[in-house]
Each structure stands twice: as structure tokens, then as C-alpha cells.
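The next block holds one structure in the form of C-alpha cells; read it before the comments.
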Amino acid sequence: KRTLLPLHRAEVSAVIFPCRPAMQPPELQSTVRGWRGGLGGRGGGPGCGRPRFLQVLELLECIPPLLLLLLACGLDHVLFTMLSIIQQHSFVQYSFHSSHHLVVQVTGTSLMARLLRSTIGALNTSSDTRLETSNFACLPQPRGMTRQQYVGSCLPLAVLALLCLAQVYTFRLRRTIAAFYFPKREKSRVLYLYNKLLQQRQSFVRRQRKRIAQRARQHPGLGTSLLEWCCRRWPRLRRWIRRSCMVCGAPETPRDRVCPAPTCGALYCGPCW
């Protein structure tokens with residue numbers, strides 16, 4: 001009886017596991033490209049792989065507010081810099097100082113001298129004027145935005161972008177909701193996913209057989225032949241050579257099997273063997 005589990009290495013990257021917290025390759029591809037959908041862990045049928053243009057459109061809709069925010073922040077910084085320069089280099093201060101002293105002295109002891117001293121003495125004046133003024137009240141008083149204000153301006157847009165990316169987790173619940181309300185449809189979806197993975201596995205095996213046969217017909221290079229000869233003569237050298245599965249390319253493990261043909265020596269992992 002043909003079974004799917006455990007999945008091959010090439011099949012794991014094409015299936016979405018709902019219980020994994022990290023975003024998986026099919027979800028990332030659907031987020032970036034917008035045309036490749038993913039199949040849920042058990043679910044997956046007609047309509048599951050349709051393009052997710054909605055998510056990409058939501059991400060694209062975040063670009064105009066982002067550009068507007070960057071333009072507003074840049075314009076604010078430019079205006080603040082210009083007004084600061086004007087404030088620093090356009091400050092003018094005026095200082096006016098004047099003093100005036102008038103003293104009329106009348107000497108003598110006669111009646112006329114006393115009369116002149118009493119009348120002209122009133123003209124003796126003394127004044128000291130000091131005036132300081134500036135155009136400080138007319139200059140602009142710019143106030144730059146603080147780091148907290150910049151963060152507060154960018155935080156809603158960042159939250160919006162994160163929600164657009166995090167909605168892939170809500171997409172995983174669609175299969176569960178659909179299975180609860182339409183159990184028969186869920187069964188057909190499971191059968192569709194099962195048959196699809198079986199067909200993909202069979203076609204994958206046929207392609208790999210053709211590729212391996214084509215590689216076997218090719219004449220190996222001098223370095224490869226010398227390396228294989230050394231490994232056959234001294235088997236311990238294989239421990240220091242990094243080998244991988246001939247079919248899926250998985251790294252070598254102690255459970256791997258080697259082709260029993262003496263002229264082959266190809267390495268296969270457990271599922272591919």
C-alpha cells in the first residue's frame with residue numbers, strides 16, 4: 001500500500017504545516033509574488049492554491065502612506081533646519097546710549113548775579129539715556145520633533161505592515177473553519193491532496209531516475225575518478241568526504257544506504273532508497 005508519510009525532503013518545502021509558528025516557504029512565496037498559494041497540512045484541494053493577490057495588494061497599499069510619511073518627515077526636517085539657520089544668522093541687536101549734561105555757573109555776589117543764578121540755574125539739566133532692542137520677537141522659534149514623536153508617527157504604519165504579514169496565520173484557520181461546517185468537502189480536499197502528492201512523488205521519481213541514468217552515462221572527470229579510486233582502495237577516506245543523497249541531495253547520515261553494485265557506490269537516504 002502506498003503511503004505518503006514520512007514526506008520527502010522536497011515535499012516538505014511545498015506543504016504548509018499549521019502548527020509551526022514560523023512562516024513557511026509557500027507562505028513567503030505567496031506573500032512576495034502573490035501568485036503561488038499554499039496547501040494546508042491536511043487540507044488542500046480545488047481552490048487552495050489560488051493566487052493571494054489580496055495580501056499583496058494590502059502590502060502595496062501600505063506604500064503610499066509610507067511615502068507620504070517619509071515626505072512629511074523630510075519636509076519637517078528641512079523646514080526646521082531652514083528656520084533654525086534663519087534664527088541664528090538673522091538676529092540683530094541695537095544698543096543706543098546717550099548722555100547730556102548742562103551746567104550754567106554764575107559767579108559774583110551782586111544782585112544781578114543772584115538773580116541770574118536763580119533764573120538760569122533752572123536750566124541746569126543732566127540726562128543719561130540707554131536703549132537696547134533687538135528683532136528676537138520677530139524671528140521664528142522652530143521646535144524639532146523628538147524621537148518619541150517620530151516613533152509615534154511611524155508606529156501605526158509599522159503595525160499595519162505587520163498585520164498584513166501576520167494574516168498568513170489567520171489563513172491557516174480557513175481549513176479548520178471549512179472542515180467544521182463542510183465535513184464532506186473536507187474529505188474531498190484530503191483525497192485531492194493525497195492523490196496530488198502521490199502523482200508528484202511518482203513524477204519526481206521518474207525524473208530522478210532519468211537524471212541519474214544520464215549522469216551515469218557521462219564520463220566522470222579525472223578528479224572524480226581519482227577520488228573514487230582512493231575511496232575504494234582506502235574505505236576510511238569516506239568519513240572525511242561530504243556526500244549527499246543521489247536523489248534528493250540530503251546530507252549523509254548513518255542510516256543512508258550505498259548501492260550494492262561494485263561499480264556504482266551511489267549514496268541514498270532512507271526514503272529515497
Side-chain angles (χ1 to χ4, degrees), residues 1-63 66 155-205 207-208 242-257 267-273:
K1 184 179 179 179
R2 295 179 300 178
T3 58
L4 288 177
L5 299 177
L7 296 177
H8 293 176
R9 182 182 180 185
E11 297 172 345
V12 172
S13 60
V15 178
I16 296 177
F17 296 89
C19 296
R20 291 185 180 179
M23 294 183 64
Q24 302 168 44
E27 295 173 330
L28 294 176
Q29 293 175 3
S30 65
T31 301
V32 176
R33 299 180 184 178
W35 59 268
R36 181 178 179 181
L39 299 177
R42 290 180 51 217
C48 278
R50 60 184 179 182
R52 295 182 179 176
F53 291 105
L54 180 60
Q55 185 176 6
V56 178
L57 289 177
E58 290 177 352
L59 289 175
L60 293 179
E61 288 176 356
C62 296
I63 296 180
L66 176 62
L155 186 60
L157 188 60
V159 172
L160 179 60
L162 289 178
L163 290 177
C164 293
L165 294 176
Q167 66 180 347
V168 295
Y169 299 102
T170 60
F171 288 160
R172 299 179 185 180
L173 298 176
R174 295 182 300 179
R175 186 202 62 84
T176 306
I177 298 174
F180 179 79
Y181 288 100
F182 305 100
K184 295 183 179 180
R185 182 64 174 175
E186 172 68 10
K187 184 177 180 180
S188 63
R189 287 164 58 89
V190 172
L191 292 176
Y192 174 83
L193 176 63
Y194 179 82
N195 295 327
K196 182 179 180 180
L197 291 179
L198 282 180
Q199 294 176 1
Q200 292 178 352
R201 181 174 295 182
Q202 293 175 358
S203 61
F204 175 76
V205 171
R207 289 196 307 268
Q208 294 302 323
R242 293 183 179 180
R243 305 176 64 189
S244 58
C245 178
M246 184 64 66
V247 178
C248 63
E252 182 181 4
T253 61
R255 299 181 180 178
D256 294 348
R257 298 187 180 184
L267 185 69
Y268 298 92
C269 63
C272 295
W273 177 260

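The structure presented is a predicted model; accordingly, all values stated were derived computationally and were not measured.
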- Minimum heavy-atom distance Leu66-Leu157, with the two atoms named: CA-CD2, 3.3 Å

- Can you check whether Pro18's main-chain N or O pairs, donor with acceptor, with Tyr169's side chain at less than 3.5 Å? no

- Sub-4.5 Å side-chain heavy-atom contact between Gln199 and Ser203: no

- Can you find a pair of side-chain heavy atoms, one from Leu198 and one from Tyr194, that are under 4.5 Å apart? yes

- Here the gap from Glu186 atom CD to Arg175 atom CZ, rounded to the nearest 0.5 Å, amounts to 5.0 Å

- Tell me the salt bridge (Lys or Arg N to Asp or Glu O under 4.0 Å) pairs involving residues 163-172, sequence neighbours left out? Glu27-Arg172

- Message: Return the CZ to CG distance between Arg189 and Leu193, rounded to the nearest 0.5 Å.
- Response: 9.0 Å

